[in-house]
Structure formats: structure tokens, C-alpha cells
Amino acid sequence: MHTDIHLALHADRAAELRDEAREFRLPRPRLRTRIGWTMVEVGLRLARSGPTTTCGQTFRTA
């Protein structure tokens, strides 16, 4: 009987959380679209920049 009560409480809480999640929706398609096009733009800029001359050089950060 204890497990039945636990399962019922869990189902009720899960339903409440799903309802709250439905109310709180971010505009993801717009954000995903903007990020996607930004990545395309960066990729095109890198492709147009041509080969670099840092073959034998290493970058130092400090």
C-alpha cells in the first residue's frame, strides 16, 4: 500500500511539473535559427579567409 501512495503522489507532482513547463516556453526555434545562421556565417568567413601561414608556429597565450 505504501508504494501505491508513493506512485500516486509522484504522478500528481509530475503532472504539476509538466503543466508548469508548458507555461514556461522559450522561443527556441528563433534562437536556434539565429545561432545556426551565425555558425554558417562564421564558417563562410573562415572558408574565404584562405590558408594561414602558421604552419610551423605555435601560439603562446602568456
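Atoms considered below: every heavy atom in the structure, side chains included; atoms not considered: hydrogens, waters and symmetry mates.
Annotation: side-chain hydrogen bond (donor to acceptor under 3.5 Å, both in side chains) contacts involving residues 7-17, sequence neighbours excluded, comprise R13-E16. Within the structure, every pair that satisfies the salt bridge (charged side-chain N to carboxylate O under 4.0 Å, His left out) test and touches residues 36-47, not counting sequence neighbours, is listed here: E41-R45.
For R22, the side chain to side chain donor-acceptor pair (under 3.5 Å) criterion is met by D19, not counting sequence neighbours. Checked against salt bridge (charged side-chain N to carboxylate O under 4.0 Å, His left out), R48 has no partners two or more places apart in sequence or in another chain. Partners of I35 under the side-chain contact (heavy atoms from CB on, under 4.5 Å) rule, at least two apart in sequence or in another chain, are L31, M39.
Residues R30 and T33 are not in side-chain contact: their nearest non-hydrogen atoms beyond the backbone lie 4.5 Å or more apart.
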Given side-chain contact (heavy atoms from CB on, under 4.5 Å), test L9 with H6 step by step and report yes or no. CA-CA 5 Å; L9 290 173; H6 177 73; 5.7 Å; no
